[in-house]
Every structure is written in C-alpha cells, then in structure tokens.
Amino acid sequence: MAKVTVDGIEVEVPNGASVLQAAELAGKEIPRFCYHDRLSVAGNCRMCLVEVEKSPKPVASCAFPVADGMVVKTDSPMVRQARRSVMEFLLINHPLDCPICDQGGECDLQDQSMGYGMDSSRYRESKRAVKDKNLGPLVKTVMTRCIQCTRCVRFAAEIAGVPELGATARGESMEIGTYVERALSSELSGNLIDICPVGALTSKPYAFVARPWELKKIDGIDVFDAVGCNIRIDTRGPEVLRILPRLNEDVNEEWLGDKSRFSVDGLKRRRLDRPWVRKDGKLVEASWQEAFQAVADQIKGRDGARLGAIVGDLCDAESMLALKDLMTALGSANLDCRQDGARLEAGRRDFYLFNTTIAGIEDADAILIIGSNPRREAPVLNARIRKRWLAGGIPIAALGVPADLTYPVQWIGQSPKALTDLRRGTEGFAQAMREAKRPMIIVGQGALRRADGADVLAAAWALAVACGAMSPDWHGFNVLQLAAARVAALDLGFLPGAGGKDVATMLAGGVDVLWLLGADEVDAAAIDPKTFVVYQGHHGDRGAARADVVLPGAAYTEKDGTYVNTEGRVQRSEFAVFPPGDAREDWRILRAFAETLGHRLPYDDLLSLRERMASIAPVFGRVGDLPRRGAVDLTPPAGDPEAVTDAPFQPAVVNYYQTDPISRASATMAACSATYYPALAEAAE
Amino acid sequence: MVDSMTRSDRDGAEPADFTFDAESEDKIAAILEKYPSGRQASAVLPLLDLAQRQMKRQSGSAWVPRAAMDAIATRLQMPPIRVYEVATFYFMFNTKPVGKWHLQVCTTTPCWLRGSDAVVDTCKRVTGIRQFGETSADGLFTMTEVECLGACVNAPILQVNDDFYEDMDAATTEKLLEALRQNAPPPPGSMSGRQASAPAGGPITLTALEFPESATPSGGE
Ligand code: SF4
Ligand code: FES
Ligand code: FES
C-alpha cells in the first residue's frame with residue numbers, strides 16, 4: 001500500500017495503482033478521455049494532467065503509478081493551465097458542430113470544454129476532415145469529431161474480442177477505422193457508442209431522434225436473453241426512444257448486447273393494440289368484452305383437463321403466476337414454459353440455474369461449454385468469459401458446433417458422447433478439469449433441446465461431481481438459459497402438474513382450448529386445427545397468426561415486471577410507457593378474465609400479487625442481490641448419464657439478431673441479419 | 001494533407017492475393033528465428049519490407065498491397081488490423097503502387113535551406129508530376145515528400161528507391177532524372193563531386209594524409 005496525499009487528503013492505495021485512481025479515492029474528479037476503468041491504459045489524450053510535487057512537469061495521472069508519500073495537486077494553477085492547453089489542442093481539429101451532433105448534452109468533450117475550454121478559438125488555419133467509416137447498420141461514424149483516444153480500438157480488441165478497429169497512418173493523417181471498410185463483427189458493438197467520449201461514434205438508428213434532456217429515464221431489465229442485463233429505458237411522451245445499459249457489476253457491468261439495445265423500433269411495429277376475434281376464419285376487431293365472451297364460451301363447462309397454457313420467453317413472473325392461478329382455478333394442470341422442448345429438470349433450483357453466477361466466472365480456473373454458443377446466446381456473459389480468459393491461465397474447451405467465441409477454445413467433440421470420456425478421464429481435457437480448483441461446466445440449451453436432453457443434463461452433472469466442480473463453497477454446474485422468462489416460470493412451477501400435458505401433447509390436440517401467453521416460439525402450424533387458441537401478447541407474430549382470440553398485452557417496457565435471470569437473480573423492471581391502444585398489463589387481463597368466469601384471483605394490486613409470488617416461491621422475496629452458492633446436495637438429476645447418444649449438438653441460436661417477436665418486428669434487427677447473416681437472409685427469400 | 005487510406009483509393013491496383021516467393025521465404029525463416037516463440041509478431045516490420053521488395057521484383061513497383069498485409073497477419077498470427085496499423089504508420093511502406101523510381105525529396109529545414117525547393121521544382125518540371133504523392137504519366141516516377149533523412153551534411157537529399165543522391169541542385173537533379181529515364185542510375189552519393197561529406201573543394205585539414213581508396217563511399221548497389 002502507498003500513502004498518497006491528494007489535495008491535502010491522505011489516501012491509501014495499492015502499489016501499482018495510478019495517480020488517477022488515488023485521486024478518485026480521495027473524491028477528486030479527474031477529467032479524462034482516453035482512460036476507461038475497464039480498458040487498458042493508453043495515456044494519449046493528456047486531459048488527466050495533475051501536478052505531482054517534485055515533478056517539474058504535469059503528469060498524466062491515468063498512466064502514472066503512485067509512490068509512497070506522493071503529494072498530488074489536482075486543481076492547482078499549473079494543472080488548470082495545462083488542461084486548458086490540452087483542451088485547446090484537442091479542439092484544434094474538432095469541428096465544434098455540437099448543434100448538429102447527437103452526442104450533444106452527453107458529451108465528455110462538451111462537458112470538459114465548459115471547464116477548460118476557451119471562449120473563442122485562436123486557431124485560424126484550416127481544420128482537417130476525415131472520411132466517415134462504415135461500421136455496419138448500428139454504429140454511425142462522424143470521424144472528423146474523433147479525438148483519437150483509441151477507446152473504441154481497445155474496446156473492440158479487449159472486451160468485444162474482435163480486433164478489427166485500429167488507428168491507421170499517423171500524425172495529422174491518423175484515422176480510426178477498420179482500414180477495409182467492413183461492418184464490425186461483434187454482438188457488443190453498440191457499446192462503442194457509449195464508450196466513445198465524443199460524437200464520433202453514435203447510434204445509427206437513433207440519429208437525430210432526440211436530445212438527452214428531453215428524455216425520461218426509467219430503470220428496466222432486459223428480456224432478450226436470460227442474462228437480465230440492467231437497462232435504462234429512455235422515453236419521450238408515449239415512445240421508447242432508446243435503451244442503454246445500466247451499471248450492475250454482478251450482471252452486465254456496463255455492457256449491453258446489440259439486440260437488447262437496438263430492437264427498440266420493434267416495440268412500435270406489428271403491435272397488437274386491440275382485441276381480435278376470429279369470425280368465419282378471419283380475425284376481426286373486437287372489444288374486450290366480446291373477446292372475453294368468446295373465450296369464456298369455449299371454456300365454460302369444459303373439462304379442466306382439456307384446457308392448457310403455454311408461456312413464452314419474454315413473460316414477466318406476475319403474468320405467469322396469474323395465468324397459472326387461472327388455470328388451476330379452472331382445474332387444469334396442463335401448463336408448460338418449455339416452448340423449445342428443452343429437457344429441463346425443475347426438481348431443484350440448481351439443476352436449471354447458472355450456479356457459479358456471472359461474476360463468479362471470474363473466479364473459475366477451467367471452463368467446459370456443452371452445446372452452447374454463449375456469444376450468440378448471451379453476448380454479455382460471453383464477454384465475462386473472455387474477461388476471465390484475458391486474465392490468463394484458463395483452459396477452455398467446448399462440445400458442440402465449432403464457432404469463434406472471441407477466446408481460444410478447444411473443440412473436443414460435436415456430441416455428448418465425449419462427456420463419458422471426460423468423466424472417465426480418457427479425454428485429454430479431463431486432466432485440466434481435474435487439476436482445476438474451481439472448474440465450471442456450462443450447459444447450453446442446445447444440449448437440452450434433444451431427445452436425450454435429460455441424459456445430457458445428468459451426464460454434465462455427473463462430470464461436474466467427478467471433476468470436483470462441486471464443493472460447499474463452489475458450484476461449478478451451470479445451465480445457460482436463453483429465455484428471460486424461463487427461470488421465473490420454473491420457480492413458479494409453470495410445468496405440467498400431476499397428469500398434466502406438456503407442450504408437444506398440448507399442440508398435438510391434447511387440449512381443446514390453448515392459452516398462449518406470449519408464446520411465439522412454438523410451432524404454431526403444428527397446433528391441432530380443432531384447438532381453440534387464445535393468444536395473449538404484444539406482437540402480431542406467429543402465435544397471434546394462429547389465434548382464434550387475440551388479447552393485446554404489454555411489452556416489457558410497458559409494465560412493472562419481475563424477471564429471474566439465468567443465475568436465479570430476481571430483478572424488477574419498471575413501467576416506462578403505456579401499452580398502445582387498448583392493450584393492457586398482462587396480469588390485469590388475466591385477473592379481469594378470471595372474474596368474467598366468476599373466479600376471483602386473490603390479488604387486486606401488484607403488491608398483493610407479488611406477495612403471493614413470494615409465498616409460492618420464497619426466492620421472489622429477495623430482489624436484486626444473489627448470494628454465491630455452494631453445492632450442498634449432490635443428488636443427481638433424473639437422467640441417465642450413460643444413455644447419451646452420439647447425435648451432434650445443434651445450435652440453439654442461429655441468428656442472434658432475430659430470436660423473438662420484438663426483434664423480429666425490428667427493422668434495425670432485420671438490417672443486422674441481412675448484414676451479418678447474408679446466407680440466412682437469402683434462404684428466407 | 002489528409003490521405004484517407006480507404007479501399008476505394010487503391011481499388012483497381014489491389015491484387016487478389018499474395019504469396020511469398022522462394023526468395024522471400026528463405027529470408028522469412030531466418031527472420032523468424034530471431035524471435036522467441038509466441039513473439040513472432042515482432043517480425044512484422046521485416047516482413048512488410050520483404051513483401052515490398054518482392055512486389056518490386058515481381059511488378060516493378062515497390063509497394064505493400066493489402067493482400068500482402070493479410071498474408072503477413074496470417075503468418076504471424078496477428079489480427080490483420082494490427083498489420084495495417086504498422087504498414088500505414090511507417091512512411092517507408094507504400095500502401096499504393098509507386099513508379100519504378102521512387103523520388104523521395106527531403107524538405108526538412110536543413111535541406112530546404114540548402115535548396116530543396118529547386119530539387120522539387122526540377123522533379124516536377126522534368127517528370128510532369130504536379131504534387132507530392134503523384135506518379136508521372138509514364139509510370140516511371142513517383143515523388144514523395146519526406147522528412148529528414150539523416151544526411152543533412154550533404155543537404156539537400158534526393159533519395160531514389162534505396163539510394164541517397166546528395167548535394168543536389170537543379171542541374172544535377174535534371175541530369176539524374178534523365179539518367180534514371182535511360183535506366184542508367186549513376187552511383188549514389190554526392191552529386192557535386194565532393195568526397196563524402198568532406199568540405200566542398202577538397203580537404204582543408206589533414207591534407208598530408210593519403211586516403212585509401214576504400215574509405216570513400218562505396219557508391220555501389
Ligand atoms: S472514435 Fe471515439 S472512441 Fe474511437 S478513438 Fe475516436 S474519439 Fe475515441
Ligand atoms: S486520461 Fe490520462 S492521458 Fe487520457
Ligand atoms: S534535413 Fe534533409 S536529410 Fe536532414
């Protein structure tokens with residue numbers, strides 16, 4: 001530890017820390033452009049200059065290590081003068097086009113120039129202009145504004161793991177770009193927009209849409225994967241204009257995947273804004289009353305065993321519980337949340353959770369990925385694995401379809417058969433797993449959505465036990481969920497009850513009335529033509545197309561909702577805007593409908609609904625934080641580890657950009673698929 | 001002068017692919033041996049130079065196409081952009097084709113004070129090139145402005161491909177260019193006739209000493 005005095009305040013910082021970190025600890029804010037806590041230090045903008053006693057010149061605090069007894073001044077006349085000069089230099093080639101720049105109002109350069117800029121420019125010569133670059137459909141560039149801090153270069157190389165950006169040429173000719181003019185091949189590219197301190201990299205779809213001070217900012221939870229990224233929903237009037245990540249060190253740090261960030265336009269397209277009822281084979285507009293009546297006519301007097309419900313991937317826990325309560329009241333045990341037919345085992349929570357936790361990845365020392373491509377299934381979580389890999393000394397192997405995960409991976413097999421070899425120690429990687437102190441096994445949905453899924457799950461569990469991944473203070477068995485709603489549904493027991501039917505049976509005519517709550521990933525065409533389908537949801541997607549009655553619900557930005565991420569972390573998303581037209585909050589729809597049938601669901605407001613949720617599954621009582629778990633009960637899941645077949649794993653996500661009704665409605669996401677998966681786009685035509 | 005290094009500028013000239021020939025391969029093996037394993041990326045500069053020389057051999061133009069940078073990236077297991085960065089950083093690598101004779105005129109202060117303007121003007125007049133960076137219509141010459149070549153004692157300097165021609169003025173520049181056109185480059189070194197960087201008009205000290213022949217600049221290839 002070193003004792004450092006910053007502006008008269010004494011702080012203790014670890015040796016090797018930078019002066020900037022010491023100053024921060026002392027509560028002194030240091031202006032910066034190139035420095036970023038999560039990136040390597042470049043020390044090239046010089047904005048962070050401070051005075052260090054006995055040093056003749058100001059020093060760049062971000063790149064200057066502390067020494068014991070150092071005396072630092074962050075606000076002396078020398079410092080102020082030095083920063084003013086730096087600012088003057090930075091502005092020499094900056095276009096000063098703030099009035100037409102989307103970064104205006106949230107620009108570091110603009111903010112700092114308030115403190116250190118001059119009121120007028122002494123520069124009379126001509127400024128340089130730099131050609132804009134094409135980085136794909138998401139990131140807009142105005143490269144003349146670039147101050148060459150190289151944050152974007154470092155982000156791409158270090159965090160995103162796609163070293164495609166660089167600084168070419170030098171001096172006045174230096175430019176940031178890819179040199180070859182191509183779209184950045186990263187699912188995390190939107191973060192470049194946040195990380196660029198100026199308006200050089202801004203959001204293409206959001207260009208010229210709004211000014212930051214016009215926006216209302218609401219805390220939300222992302223639903224496009226099961227990571228549960230914390231987001232900020234920016235709205236103006238009735239519209240969601242953009243979505244940004246919100247800091248949560250345990251979940252997403254400060255990152256967000258592109259689908260989660262850029263699908264916002266999908267919230268305005270193909271929306272269900274009024275109830276519809278099928279008459280003579282055609283859906284016609286209806287009132288809520290008519291719609292409820294049409295459904296009630298089908299349900300009344302029908303045997304509960306002939307009613308069924310399936311919940312989709314984006315549902316909030318509240319509406320799922322309301323639906324479950326309704327079905328139970330009607331005497332039906334035909335409930336399911338596994339649209340994809342994943343052989344999840346709900347017997348115990350640690351059979352379906354990412355037990356190590358996302359932050360826990362950083363403590364792992366060997367990783368085996370089974371039937372998953374985390375880069376496509378959970379890009380932010382994948383960035384955590386990459387972060388761990390960057391820290392060094394970790395062997396990573398995977399079973400499945402070989403892909404570039406942004407870190408080196410040993411692909412040791414295409415089918416679950418290799419699990420047997422790993423368990424017996426005959427596969428080379430078994431050694432690494434055994435030697436590791438905290439090995440991690442990640443089971444993806446690609447491994448579970450197959451006939452022998454339960455056996456693969458059991459085999460993975462057995463391997464975890466065999467290689468010492470399970471101890472009272474380390475739980476190395478992880479299921480990487482894909483659907484934001486899945487864990488909450490499992491926690492609430494949204495599964496076939498005693499004698500209940502599962503998704504496949506329900507679709508195949510096992511029920512007469514099928515209630516789809518946002519369930520768009522089931523094969524709607526496979527639903528028995530005689531089945532009466534009620535679709536409750538927000539988008540006119542696959543489910544609504546097959547429905548006999550459509551009940552318009554709310555998207556995730558339009559309701560107060562509880563979501564449980566793949567780790568089992570309970571998080572709450574807040575209401576941001578009203579659902580369009582006649583659409584309503586989903587649990588209220590269900591409650592109102594129950595009443596038309598004469599069943600009162602035992603809650604009148606959100607609070608009592610949430611109380612009931614916590615009483616059914618106590619996990620819902622603990623919001624936000626999540627204790628690290630150890631493995632206490634080693635009783636294995638039901639499957640037979642020996643029964644795994646050698647059928648190769650199939651990818652769970654083929655097209656990252658279009659996986660759900662919202663992203664399928666988004667024009668931005670369509671543009672991304674066309675850019676990044678040209679082969680898929682062609683096949684679709 | 002902002003030289004935007006985008007594809008479009010170079011399109012047309014860009015070869016579809018690039019493979020090192022046997023002569024380069026021999027040298028690559030020797031170069032890679034100098035670096036510990038895992039540190040092959042250090043060889044990026046010598047390999048870029050090899051590629052440029054190979055292009056000169058094969059096409060008559062000493063430049064590094066992108067295909068060559070990609071080949072180097074693959075060979076050294078580094079991201080292509082890291083090679084692009086290095087190749088575009090150093091002025092000695094030409095990322096566009098150049099003429100057979102690459103005229104690199106030093107215009108830094110000492111050379112400028114000693115008359116580099118006359119050299120530049122003569123180059124322009126004789127070759128028809130209008131500005132730095134251009135290649136003459138006959139494809140023989142490309143003129144580039146360079147910073148101090150470290151030979152200021154013999155300012156001004158005109159570097160042609162790898163060779164320094166020193167003590168240039170308008171007349172010697174014109175003569176040199178004519179000779180290059182005839183494909184008969186004179187031996188490099190001072191064009192004013194002085195010995196190396198000894199005083200013009202001959203030595204004024206140590207005049208009694210005999211200089212062995214080998215002490216004069218070699219002047220050869
Ligand atoms: S584009 Fe932005 S982040 Fe990248 S170097 Fe320029 S100013 Fe920095
Ligand atoms: S923040 Fe320290 S030099 Fe840029
Ligand atoms: S200034 Fe021309 S060689 Fe030094």
Side-chain angles (χ1 to χ4, degrees), chain A residues 40 42 44 92-95 125-135 141-146 148 150 152-186 192 386 390 392-393 404 406-408, chain B residues 1-18 37-41 44-45 48 51 63-74 76-96 107-108 131-133 144-148:
Chain A
S40 60
N44 56 20
I92 277 184
N93 272 318
H94 191 79
E125 291 72 14
S126 40
K127 294 192 176 219
R128 81 179 200 139
V130 183
K131 244 198 216 156
D132 293 341
K133 308 288 183 284
N134 180 8
L135 296 183
T141 68
V142 182
M143 293 320 281
T144 304
R145 295 182 190 140
C146 170
Q148 303 179 336
T150 70
C152 56
V153 175
R154 284 172 284 143
F155 176 85
E158 294 163 19
I159 310 281
V162 290
E164 293 166 8
L165 278 175
T168 53
R170 64 165 165 179
E172 185 159 82
S173 312
M174 181 167 143
E175 290 184 16
I176 299 290
T178 56
Y179 191 67
V180 289
E181 286 292 302
R182 66 158 182 204
L184 270 189
S185 57
S186 172
L192 289 170
R386 179 176 160 77
L390 274 182
D404 175 9
T406 71
Y407 38 84
Chain B
M1 179 198 68
V2 173
D3 183 12
S4 182
M5 297 290 185
T6 49
R7 281 299 298 283
S8 49
D9 295 339
R10 293 171 289 117
D11 268 351
E14 191 64 50
D17 52 28
F18 177 93
S37 77
R39 298 266 182 266
Q40 285 80 4
V44 65
L45 280 174
L48 281 165
W63 72 296
V64 195
R66 191 171 63 88
M69 301 182 205
D70 289 340
I72 293 171
T74 316
L76 302 180
Q77 292 173 6
M78 55 200 286
I81 182 74
R82 299 283 98 86
V83 183
Y84 307 154
E85 286 180 324
V86 175
T88 54
F89 182 86
Y90 291 100
F91 228 71
M92 297 79 179
F93 296 124
N94 304 311
T95 50
K96 295 178 216 172
T107 58
T108 306
Q131 57 188 11
F132 291 119
T144 313
E145 182 177 39
V146 296
E147 302 302 332
C148 180

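- With sequence neighbours excluded, no residue satisfies ring pair (Phe, Tyr, Trp, His ring centres under 6.0 Å) with B/Phe93.
- Residues A/Tyr179 and B/Val83 are not in side-chain contact: their nearest non-hydrogen atoms beyond the backbone lie 4.5 Å or more apart.
- Panel note: side chain B/Thr88, backbone A/Thr168; no donor-acceptor pair is recorded below 3.5 Å.
- The local environment of CZ in A/Arg170 is crowded, with over 12 non-hydrogen atoms from other residues, nucleotides or ligands closer than 6.0 Å.
- Applying the salt bridge (Lys or Arg N to Asp or Glu O under 4.0 Å) rule to A/Glu164 yields the partners A/Arg182; only residues at least two apart in sequence or on another chain are considered.
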(request) Would you sort out whether A/Met174 and B/Phe89 count as a side chain to side chain contact (heavy atoms under 4.5 Å, CB included), showing the intermediate values? (result) CA-CA 8 Å; A/Met174 181 167 143; B/Phe89 182 86; over 6 Å; no

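- In terms of heavy-atom proximity, A/Gly166 sits nearest to B/Glu85 at CA-OE2, 3.0 Å.
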(request) Could you give me the CA-CA distance, side-chain angles and deciding distance for A/Thr178 and B/Tyr84, then say whether side chain to side chain contact (heavy atoms under 4.5 Å, CB included) is met? (result) CA-CA 9 Å; A/Thr178 56; B/Tyr84 307 154; over 6 Å; no

